[in-house]
Amino acid sequence: MTPKTKAALAFSAPLLLCANAAFAEQGFTWEGEIEIGNEQVVSSDVPANEIRNTYAIITATGTYTFGNGMAIFSTLTGESVTDPTADRSFDDMGLYVEELGFSFGIGESTTVAIGKLHPVFGSAWDDTAGFFGGTLAEDYELTEQLGILADVELNGAGTLSFGLFFADDTSLSRSWGTDRGRNRSNTGGAGNTGKLDSFAIQWNHDVDNTRFHIGARHLSASVGDVDDEQGFVAGLGHSFASGLDVFAEVASFSNFGGTADDATFVTLNAAYAIGDWTLSGTLSQRDLDSSGKTDLHSIALEREFSNGMVLGGALAQQDDSGVKDTIVGLNLVIPLGG
């Protein structure tokens with residue numbers, strides 16, 4: 001599991017960053033964050049699951065905006081590039097290019113980005129509060145794709161985001177330090193074809209304090225895959241004046257990842273802000289044909305300090321097809337900028 005925090009939102013919607021940059025004044029801007037944390041399975045039905053992962057994630061995004069509205073941008077990420085198999089502390093660290101490209105505006109309503117990007121599909125990993133809020137939903141997040149994306153503002157009727165892409169199979173898919181290896185389009189996996197034959201489309205709209213989205217995607221089968229993946233997602237959130245925020249997202253797939261599996265993901269999240277503190281809870285489920293259901297329920301508490309740092313902790317119970325784990329997560333997020 002890779003923890004996500006509310007403080008990381010700027011790095012999960014690169015096309016929005018490009019859209020802002022496209023209309024900014026000429027010059028260079030950057031922002032980033034350092035996340036230091038610890039995730040530990042403190043008890044499990046399977047003793048081999050009881051491992052600790054003490055980690056660091058360092059992310060920095062730089063954007064240079066030209067006077068004509070064009071911008072170039074890049075995001076570099078340093079983190080452990082392997083999954084933990086035993087207790088570890090800051091092991092297997094690698095640096096890689098998460099995003100790299102350029103953007104430009106068309107009129108006042110459209111922004112186009114070309115390069116290594118993050119296509120828009122769902123938002124549970126962004127819109128959920130708490131250490132474990134988006135853990136299961138991260139399975140269908142689209143990252144490190146090569147292609148063309150566009151955001152179109154619909155005259156007050158929301159934003160339409162769409163793109164053509166394929167999984168990065170260039171040398172940029174490797175990492176420095178610990179080398180995670182280069183992705184090859186002949187190794188299989190939905191969308192890993194080396195061709196612009198996968199697409200995603202999503203409509204997002206905000207009405208007063210309510211936000212909602214609906215989207216679809218097609219990831220073409222690669223070598224050895226059973227069939228193309230087809231996916232649909234819908235989400236709804238609302239922020240109350242009392243400080244309560246609720247969010248729900250459902251995603252459904254056929255031939256998930258190019259396999260014979262159909263898959264369904266459900267995420268329900270609620271957060272209540274009290275001054276600098278945020279208390280949140282998550283109910284989530286992943287249902288795969290081949291491996292069955294995984295239920296993850298968590299409760300979390302976070303505090304944001306005046307300097308922008310966020311300290312958080314969470315407790316989760318996970319039931320993975322009958323194997324029950326109790327997991328504790330702690331993290332500190334330090335924002336950077338210049």
Could you give the distance from OG1 (Thr193) to CG (Asn186), rounded to the nearest 0.5 Å?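 Those atoms lie 12.0 Å apart.
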Distance from Arg303 atom CZ to Leu311 atom CG, nearest 0.5 Å?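 One finds 9.0 Å between CZ of Arg303 and CG of Leu311.
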[X]-[Y] co-clustered via ILVMFWY side chain contacts under 4.5 Å:
| X | Y | result |
| --- | --- | --- |
| Met70 | Tyr64 | yes |
| Phe28 | Phe104 | yes |
| Phe132 | Phe247 | no |

Identify, with sequence neighbours excluded, every residue that meets side-chain hydrogen bond (donor to acceptor under 3.5 Å, both in side chains) alongside [X].
| X | value |
| --- | --- |
| Thr54 | Asn38, Arg52 |
| Asp206 | none |
| Thr294 | Arg286, Asp320 |
| Ser290 | Asp261 |

Donor-acceptor pair between Asp287 and Thr264 side chains, under 3.5 angstrom: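 Short answer, no.
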No-hydrogen, no-angle side-chain donor-acceptor test under 3.5 Å, Gln285 and Asp295: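 Looking only at side-chain atoms, Asp295 and Gln285 do form a donor-acceptor pair, the distance falling under 3.5 Å.
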Check Arg211 with Asp245, please: is the shortest side-chain N to carboxylate O separation under 4.0 Å?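 So Asp245 pairs with Arg211 through a salt bridge.
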Can Glu144 and Arg180 be counted as an ion pair, charged N to O under 4.0 angstrom?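 Result for this pair is yes, salt bridge flagged.
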Test of understanding: with side-chain contact (heavy atoms from CB on, under 4.5 Å), list the residues that count as partners of [X], not counting sequence neighbours.
| X | answer |
| --- | --- |
| Ser291 | Leu288 |
| Asn307 | Phe305, Met309 |
| Ser80 | Arg88, Met93 |
| Asn255 | Val226, Asp227 |

Taking the side chain as everything from C-beta on, heavy atoms only, tell me whether [X] gets closer than 4.5 Å to [Y].
| X | Y | answer |
| --- | --- | --- |
| Asp228 | Leu219 | no |
| Glu304 | Val310 | yes |
| Thr159 | Leu154 | no |
| Thr267 | Ser284 | yes |
| Leu315 | Phe131 | no |

For residues 274-281, dump all side-chain donor-acceptor pairs below 3.5 Å to protein atoms at least two apart in sequence or in another chain.
none

Only one of Gln317, Gln318, Glu50 passes side chain to side chain donor-acceptor pair (under 3.5 Å) with Thr326; say which it is.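 It is Gln317; the other options fail the test.
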Give a yes or no on whether the backbone of Asp168 and the side-chain of Lys116 come within a donor-acceptor separation of less than 3.5 Å.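 The answer is no, because no donor-acceptor pair under 3.5 Å joins these two groups.
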Which pairs with one or both residues in residues 203-224 pass ring pair (Phe, Tyr, Trp, His ring centres under 6.0 Å), sequence neighbours excluded?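 As it turns out, the ring pair (Phe, Tyr, Trp, His ring centres under 6.0 Å) pairs with a partner in residues 203-224, which skip direct neighbours, are Phe199-His218, Trp203-His205, Trp203-Phe212, His205-Phe212.
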Under the rule for salt bridge (charged side-chain N to carboxylate O under 4.0 Å, His left out), what residues qualify as partners of Asp91, not counting sequence neighbours?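 None.
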List for me each residue that meets ring-ring contact (aromatic ring centres under 6.0 Å, His included) alongside Tyr140, sequence neighbours excluded, and say none if there are none.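 For Tyr140 the ring-ring contact (aromatic ring centres under 6.0 Å, His included) partners, ignoring immediate neighbours, are Trp125, Phe253, Phe265.
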